[in-house]
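Working notes for the structure below.
For clarity, every value in this text was computed on a predicted model and none was experimentally measured. Remember, it's 1-based here, ligands and their atoms both numbered in the order they're listed. In this chain, numbering begins with 1 at the start of the sequence shown.
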Amino acid sequence: MLTARIAVLVSGGGTNLQALLDARDRGELPHGSLALVIADKPGIRAIGRAREGDVASAVIPRRELGFEEKVLAALRNYQIDMVVLAGFLGILSKDFIEAFRGPIINIHPSLIPSFCGKGFYGLKVHQAALDYGVKVTGATVHYVNEVPDGGKIILQRAVEILPGDTAEVLQRRVMEQAEWKLLPAAAEIVAAEVVRAARE
Ligand code: GRF
């Protein structure tokens, strides 16, 4: 195996997917190949980013029956070795994680264990940090297990909260200074591990 085949699961704007595509194009993802993007709803910007980045994409509506089975079938069809959750809003079941067996990683927009777990996603995470009054937040990439935001931490990066920050302003800063740097770096770390394990 020369590279680990990566599937990216998305639910929204796809800016984290874009960070992966840009890192690939800069040669910063040598051990991974972005093979498939799975959107859990139609009409999201992330699908357009996949097409512009020449990556195959599929829409598998999360609300439909058999969502996880359909995703697993797509991962098998595309011979995927690892999964990256990039702004994906679903919670994958223990059965799914065990059935896929390869590594699954996720980007969360806070310094886990703060402001994470059930109900903490998108702007809610940043509003909670502002409401608490913390002076530093950031982003975390972690392995996915059956506990929401519960798996082993891979990378973190801190981001300063400034006076007058709104949740929207803070979200943007965390994306620019942390998420979009960490996710490609973590994907390369895990992809290299997958390739190394395949050679043993
Ligand atoms: C953002 O809130 C981001 O912080 C989190 O998921 C949301 C959308 O990300 N990781 P994306 O633009 O769809 O990648």
(message) List the residues meeting salt bridge (Lys or Arg N to Asp or Glu O under 4.0 Å) with Arg172, not counting sequence neighbours, and say none if there are none.
(response) Glu176
(message) Checking one residue: Leu72. Which other hydrophobic residues are in its cluster under the side-chain 4.5 Å linking rule?
(response) Leu9, Leu36, Ile38, Ile60, Phe67, Val71, Leu75, Tyr78, Ile80, Val83, Leu85, Phe88, Leu92, Phe96, Ile97, Phe100, Ile104, Val144
Show the distances, to 0.1 Å, for all pairs joining an N/O atom of ligand 1 and a protein N/O atom that are shorter than 3.5 Å, listing one pair per line.
{"from": "ligand 1", "atom 1": "2 (O)", "to": "Gln171", "atom 2": "NE2", "distance (Å)": "2.7"}
{"from": "ligand 1", "atom 1": "4 (O)", "to": "Glu179", "atom 2": "OE1", "distance (Å)": "3.1"}
{"from": "ligand 1", "atom 1": "4 (O)", "to": "Glu179", "atom 2": "OE2", "distance (Å)": "2.7"}
{"from": "ligand 1", "atom 1": "10 (N)", "to": "Glu179", "atom 2": "OE1", "distance (Å)": "3.0"}
{"from": "ligand 1", "atom 1": "12 (O)", "to": "Gly14", "atom 2": "N", "distance (Å)": "3.4"}
{"from": "ligand 1", "atom 1": "12 (O)", "to": "Thr15", "atom 2": "N", "distance (Å)": "2.9"}
{"from": "ligand 1", "atom 1": "12 (O)", "to": "Thr15", "atom 2": "OG1", "distance (Å)": "2.6"}
{"from": "ligand 1", "atom 1": "13 (O)", "to": "Gly13", "atom 2": "N", "distance (Å)": "3.3"}
{"from": "ligand 1", "atom 1": "13 (O)", "to": "Gly14", "atom 2": "N", "distance (Å)": "2.9"}
{"from": "ligand 1", "atom 1": "14 (O)", "to": "Thr15", "atom 2": "N", "distance (Å)": "3.3"}
{"from": "ligand 1", "atom 1": "14 (O)", "to": "Asn16", "atom 2": "N", "distance (Å)": "2.8"}
{"from": "ligand 1", "atom 1": "14 (O)", "to": "Asn16", "atom 2": "ND2", "distance (Å)": "2.9"}

(request) Answer with yes or no whether the side chains of Ser93 and Glu146 bring together a donor and an acceptor at under 3.5 Å. (result) no
(message) Applying side-chain hydrogen bond (donor to acceptor under 3.5 Å, both in side chains), can you list everything that pairs with Gln79, at least two apart in sequence or on another chain?
(response) none
(request) Flag the pair Glu179 / Ile107 as yes when at least one side-chain heavy-atom distance between them is below 4.5 Å, and no otherwise. (result) yes
(request) Taking atom OH of Tyr121 as the centre, report whether more than 12 heavy atoms of other residues, nucleotides or ligands fall under 6.0 Å from it. (result) no
